[in-house]
Amino acid sequence: MDWELKQALRDQLGREQGYFSYPSGTRSRMALVYPNSYFVGMSNLGLHIIYALMNQRDDTACERVFLPERRERIRYEKTRTPIMSMEHQLPLYEFPLIAFVLSFEMDYFHVLRMLELGRVCLRSRERGERDPLVIAGGPCATFNPEPLAEVVDAFIIGEGEVIMPAFMDVYYEARRKGLARRELLQRLAQVPGVYVPSFYAHRYDEQGRLTAIEPEPGIPSRVSRQWVRDLDAYPAHTVVLTDHTEFNFYLIETARGCGRHCRFCMAGYCFRKPRNRSLGRITQQVREALPYGKRIGLMGAAISDYPEINALCRDILGEGLSMSVASFRADSVTADLVQSLADSGLKTLTMAPEAGSPKMRAVINKGIEEKHLFHAMEMGLAAGIRHFRLYLMVGLPFEQEEDIDAIIDLAGRLKDYMEEKGSKGTLTLSVNPFIPKPFTPFQWKPMADRRYVEKAFRKLSQAFHKRKHILVNTESVKEAYIQGVIARGDRRVGEAILKAHELGGAKAFKRALRECGLQAEDYLYRDREKDEVFPWACLDMGVRSDYLYDELLRAQQQQATIPCFDGCHRCGVC
C-alpha cells in the first residue's frame, strides 16, 4: 500500500466529526461507495442516512469509499494501490459487501472505474464465491437499474431505511449457513424491494425491441418499490461533519416525495406519496445541530410546500442559526421564508418555472403562473435579495420555437421589473435539455433533436448577449444526450458502458455504442407504443401505467391535474 495515499485519507478523516470506527474483527465490514469525489459525495444526504443506519446495527462496520481526485487516481494507478476506505484505509476488494449510491447517470462510468481501481471484477457473473457482493441503491438504481445489470449483483428499489435492515438480516443468515453465491442471491431476491437482475431474462424480437422480461421459477415477477410510511421514525440529517463539501451545511430533511404531478419529474412519481416530518422532530434535529454552528440546509422536493414552514424558519433563526433551502415553489413561497433566507445571507433567489410560455407550463403541469414569479421576486427584493436565478428546460414534448421566444420575453420582463425596483442585480437563466425519464408520462416521448436544442441555446445566448446582468448558463448538450441514452437504456446499453470503460470512459460512449451494434438514435428519438415493454417493466413504483399514459394525453391537451390530496386514489400509490 502507498503510505502517502493512506496518510491523505487519515488526514481527511482527522478533519471530520461524527464518523464511525470499529476495531478490526468485531464486526463484518461493508463498503458504502459514492462514485464521485469526496467533495460531492459528502453533500449527499442519502449517503449519510445509510451510513448511520448500517453502523447503528451491532453486526456491521460500514466504511466510506469515494472516487479519488484526478491527481490521486494517477498515483493509485502508478503505484498499483487499490482504492481504500476512509475509516481504516482498507482496499475495496477486502470488503465482502460493496454498496454503491447511484444518483446520476454519468456516475455509471465512475462505478466501473472504481471497481477496477479496487481490484473487483466488473461483471457480476465473473465474481467467484470469495469475491465481494456488489449492490446499488439510490434514485438511478430505483428508476432503471438495467444499464448496470451486468455489473451489480442486486439493486435496492426504493427507500433504503425499510429495505436494508431486512436485506442485511438475510445476507448474514445466508453467510452463517455457508450458502453459495447463487443461493444467497436467491434468498435476497425474496426480500421486498430487492431486484437481482441475473434472475430475469430479457427477450428481444428480430428488430431488437424488448418483448418480454421473464423471471426464473420462484423469483417474483415484479419488484415493488418500498417506501417509508412514517418519516419521524427515521431521522435524516447530516451525520459526518466536514467543511470539504459542495454544500457546507448541516442537512435536515423536512419532507419526502411530492404530490404536485409535474409530468417531467421522475422523483415526483417515484417518491410518491408526499410525506412530511413533524415540526417537533425537525426542530429537535435543529437543536442537535447547534454545537456545530453550521448553516441549516433544509432538504425536500419543495420546501415552501412544508405546511409549517414559517414556524420552522422562526425556530431556526431563533436558535441563532442561518438556513438555506434545496428548492421552493414560487406559488407557495412565503414572505417569512424569503426573509429568513435573506437574514441568513442568501444572495440569489432561485425559481423554477421550467418553461417560458403558459402553454408549456400547462403541458408539464407545473402550476406556476407569471404572477407567482413576479410576486416571489417582489418578496425577494423587499427582503434585500439582489440576484435571481431561473431553472428552465428546452426540448420538452409539444414544444415549438415560439416557446423559446417566450423564455426570452419572460426573462426580459423579469429583468425589467428588477430594474424598476432599483435592483442592479443579475438574472441568471440555467437552461437544460429535457431528458424523458422512466415512470413519468413522458417516458413514451423522444428527446428533442440535438440540433434543435443547440439552436435554442444559441438563440437564448444571443438574445441577451448585449443585455447587462442577464447570464445564460446551459448544460453540456453532449452529456445530456449520453444521459438520455442511459436513463432509458436496456442491458445492451450496459454492454456499451462496459465497452466505453475499456475505450477510455464517457467520452468514448458514442463509439462504444457503434461497436456494440447500437444506435443512440434508437433510444433518443423514437416515440414509444402505448403497450411497449420498457426495460424497467419488472419494477413496480405503485403508479399505474394507464394513469401515466392518461397524463401524457392530458399534457397533449394542456389539461391540468390537481395535486395529491387525502383520500385520493388516482395513481395507485395510495
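Hydrogens, waters and symmetry mates are skipped; everything else that's a heavy atom, side chains included, is used. The first residue in the sequence is number 1, and the count goes up from there.
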> Going from CZ on R272 to SG on C265, what distance comes out if it is rounded to the nearest 0.5 angstrom?
Replying inline: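 Rounded to the nearest 0.5 Å, the CZ-SG separation comes out at 9.0 Å.
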>> I need the D540 CG to Q226 CD distance, nearest 0.5 Å.
In response: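 Between atom CG of D540 and atom CD of Q226 there are 9.5 Å.
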>> Could you work out, with side chain to side chain donor-acceptor pair (under 3.5 Å) as the rule, every residue matching E246, not counting sequence neighbours?
In response: none
For residues [X] and [Y], determine if any side-chain heavy atom of one lies less than 4.5 Å from a side-chain heavy atom of the other.
X: L47; Y: V239; value: no
X: P197; Y: R491; value: yes
X: Y204; Y: D490; value: yes

For the aromatic rings, using the six-membered ring if either is Trp, is the centroid distance between [X] and [Y] under 6.0 Å?
X: F143; Y: F439; result: no
X: F109; Y: F509; result: yes
X: Y200; Y: Y195; result: yes

Do other residues, nucleotides or ligands put more than 12 heavy atoms under 6.0 Å from the [atom1] atom of [X]?
X: K294; atom1: NZ; answer: yes
X: R80; atom1: CZ; answer: no
X: R528; atom1: CZ; answer: yes
X: F104; atom1: CZ; answer: no

>> Would R256 and F271 count as a cation-pi pair here, with the cationic atom under 6.0 angstrom from the ring centre and within 45° of the axis?
In response: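 No.
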> Does NZ or CZ of R64 fall inside the cone over Y51's six-membered ring, less than 6.0 Å from its centre and within 45° of the axis?
Replying inline: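 Pair R64/Y51 counts as cation-pi.
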> Under a 4.0 Å N-O cut-off, is there an ion pair linking E146 with R492?
Replying inline: no
>> Between the side chains of R127 and D153, is the shortest nitrogen-to-carboxylate-oxygen separation below 4.0 Å, so that they form an ion pair?
In response: yes
> Do the side chain of Y38 and the main chain of L67 share a donor and acceptor less than 3.5 angstrom apart?
Replying inline: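 No; judged by distance alone, with no hydrogens or angles, the pair does not exist.
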> For W536, does its backbone N or O pair with a side-chain atom of N144 as donor and acceptor, under 3.5 Å?
Replying inline: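 Looks like no, no N/O pair under 3.5 Å.
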